[in-house]
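Structure first, then comments.
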Amino acid sequence: SMQCFPGLVLALSSLLGALALLQLSLYLRVPSRYGKHEERLCRPRGRLPARCAWFLQELPSFLVPALLLALRSPPRLEPLGCRLLCCLFCWHYFYRTFIYPFFTRGRPFPLQLLFFGMLFCVYNGFLQGYYLIYCAEYPNDWCTDIRFTSGLLLFLLGMGINIHSDLLLRQLRKPGEVTYKIPQGGLFTYVSGANYFGEIVEWFGFAIATWSLPAFAFAFFTLCCIGPRAYHHHRYYLKTFTDYPKSRKALIPFVF
Ligand code: NDX
């Protein structure tokens with residue numbers, strides 16, 4: 001059966017951090033080409049309906065940790081801290097894989113990005129799952145540690161914001177519609193990237209709750225991946241809608 005190789009965790013986490021920096025340098029200037037930032041005329045084929053694409057892309061992030069857990073000989077997750085933390089990760093990806101895609105009204109998604117997205121989800125699902133199931137060790141009272149409780153609170157808050165904002169975006173369109181409107185309500189009152197803000201808060205909360213290198217690397221990756229995207233969304237809105245609310249920020253309420 002499998003065991004923990006700390007060197008593997010260190011190497012995979014470092015590579016994730018390096019990928020984050022690569023993303024930042026790539027996507028600060030030009031946004032990743034899907035959704036509202038896809039160039040219209042190029043590649044009319046080579047796309048998959050948004051539902052299939054998001055389902056397939058995010059599935060490994062749920063499946064890989066779930067499989068690792070199933071392969072582990074009992075007691076599967078001791079102590080309680082690990083068990084709860086691994087469940088948080090799977091819970092998010094249960095939502096992202098089995099709920100989000102079935103309601104999305106997004107445009108068809110480019111196959112090429114889907115491929116890289118899937119690879120990324122296998123990689124990250126393995127890293128987070130492997131670490132929590134085979135490597136993490138928490139004291140028995142971790143559930144009452146300030147890092148666990150404050151991190152859990154941030155995670156839940158971020159997830160709430162993310163899911164609520166996804167819902168507000170979806171309600172901007174009738175089924176079959178693909179046009180863009182000005183998002184209203186919830187945290188969109190303050191920022192253009194409310195769903196991204198929620199997701200970032202969520203993964204930093206997870207990092208604090210697990211107090212682990214892999215989770216901090218993933219939170220940093222998320223920031224570098226969707227942070228710039230929030231900024232590009234913001235610019236797109238300012239350019240497209242003359243009546244766009246002037247006080248609205250890109251990503252962080254009242255700040256940026
Ligand atoms: N999937 C994470 N990198 C990504 C897919 C792309 O889960 O090669 C990262 C994720 C991947 C990326 C993933 C990893 C890095 C990749 C990248 C592609 C290239 C890149 C692989 C895996 C890469 C290197 C170089 C390192 C190898 O038509 P539409 O689709 O625009 O409709 C949208 C709609 N909408 C509106 N409707 C009406 N009016 C408006 N004004 C609207 N604005 C938007 O709402 C969509 O249907 C929906 C949401 O759109 P949008 O653009 O706000 O969010 P989206 O980016 O699609 O994300 C959806 C959710 C969101 O909650 C977000 O927080 C979460 O997924 N997410 C997304 C990306 C990454 C991520 C989370 C994370 O890092 N944790």
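Counting starts at 1 for both ligands and their atoms, in listed order. All values reported here derive from a predicted model rather than from experimental measurement.
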Query raised in the report: How about Leu85 and Tyr138: do any of their side-chain heavy atoms sit closer than 4.5 Å?
Result: yes
Report task. Verify whether the ring centers belonging to Trp91 and Phe94 lie closer than 6.0 Å. Result -> no
I'd like a table of the close N/O pairs between ligand 1 and the protein (anything under 3.5 Å), one pair per line with both atom names and the distance.
| unit_1 | atom_1 | unit_2 | atom_2 | d |
| --- | --- | --- | --- | --- |
| ligand 1 | 1 (N) | Gln57 | NE2 | 3.3 |
| ligand 1 | 1 (N) | Glu58 | OE2 | 3.3 |
| ligand 1 | 3 (N) | Gln23 | OE1 | 2.8 |
| ligand 1 | 7 (O) | Glu58 | OE1 | 3.3 |
| ligand 1 | 7 (O) | Glu58 | OE2 | 2.8 |
| ligand 1 | 28 (O) | Arg107 | N | 2.9 |
| ligand 1 | 28 (O) | Arg173 | NH1 | 3.1 |
| ligand 1 | 28 (O) | Arg173 | NH2 | 3.2 |
| ligand 1 | 28 (O) | Tyr180 | OH | 3.2 |
| ligand 1 | 30 (O) | Arg107 | N | 3.4 |
| ligand 1 | 31 (O) | Tyr180 | OH | 2.5 |
| ligand 1 | 32 (O) | Arg173 | NH1 | 3.2 |
| ligand 1 | 37 (N) | Arg173 | NE | 3.4 |
| ligand 1 | 39 (N) | Lys181 | N | 3.1 |
| ligand 1 | 41 (N) | Lys181 | O | 2.7 |
| ligand 1 | 41 (N) | Tyr237 | OH | 2.8 |
| ligand 1 | 43 (N) | Lys36 | NZ | 2.9 |
| ligand 1 | 43 (N) | Tyr237 | OH | 3.3 |
| ligand 1 | 47 (O) | Thr104 | OG1 | 3.3 |
| ligand 1 | 47 (O) | Gly106 | N | 3.4 |
| ligand 1 | 52 (O) | Tyr196 | OH | 3.1 |
| ligand 1 | 52 (O) | Arg229 | NH2 | 3.4 |
| ligand 1 | 52 (O) | His233 | NE2 | 2.9 |
| ligand 1 | 53 (O) | Asn195 | ND2 | 3.0 |
| ligand 1 | 54 (O) | Tyr196 | OH | 3.0 |
| ligand 1 | 56 (O) | Tyr34 | OH | 2.6 |
| ligand 1 | 56 (O) | Tyr196 | OH | 2.5 |
| ligand 1 | 56 (O) | Arg229 | NE | 3.2 |
| ligand 1 | 62 (O) | Arg96 | NH2 | 3.0 |
| ligand 1 | 62 (O) | Asn162 | ND2 | 3.0 |
| ligand 1 | 62 (O) | Asp166 | OD1 | 3.0 |
| ligand 1 | 62 (O) | Asp166 | OD2 | 3.4 |
| ligand 1 | 64 (O) | Asn162 | ND2 | 3.4 |
| ligand 1 | 64 (O) | Glu199 | OE1 | 2.8 |
| ligand 1 | 75 (N) | Glu199 | OE2 | 3.0 |
| ligand 1 | 75 (N) | Thr222 | OG1 | 3.4 |

Query raised in the report: With ring centroids as reference points, do Trp203 and Phe89 lie under 6.0 angstrom apart?
Result: yes
Query raised in the report: Quick one: does NZ or CZ of Arg51 land under 6.0 Å from the six-membered ring centre of Phe102, within 45 degrees of the ring axis?
Result: no
Query raised in the report: With ring centroids as reference points, do His233 and Tyr196 lie under 6.0 angstrom apart?
Result: yes
Atom pairs and distances, donor-acceptor, side-chain atoms in residues 220-228, under 3.5 Å, two or more places apart:
| unit_1 | atom_1 | unit_2 | atom_2 | d |
| --- | --- | --- | --- | --- |
| Thr222 | OG1 | Phe218 | O | 3.0 |

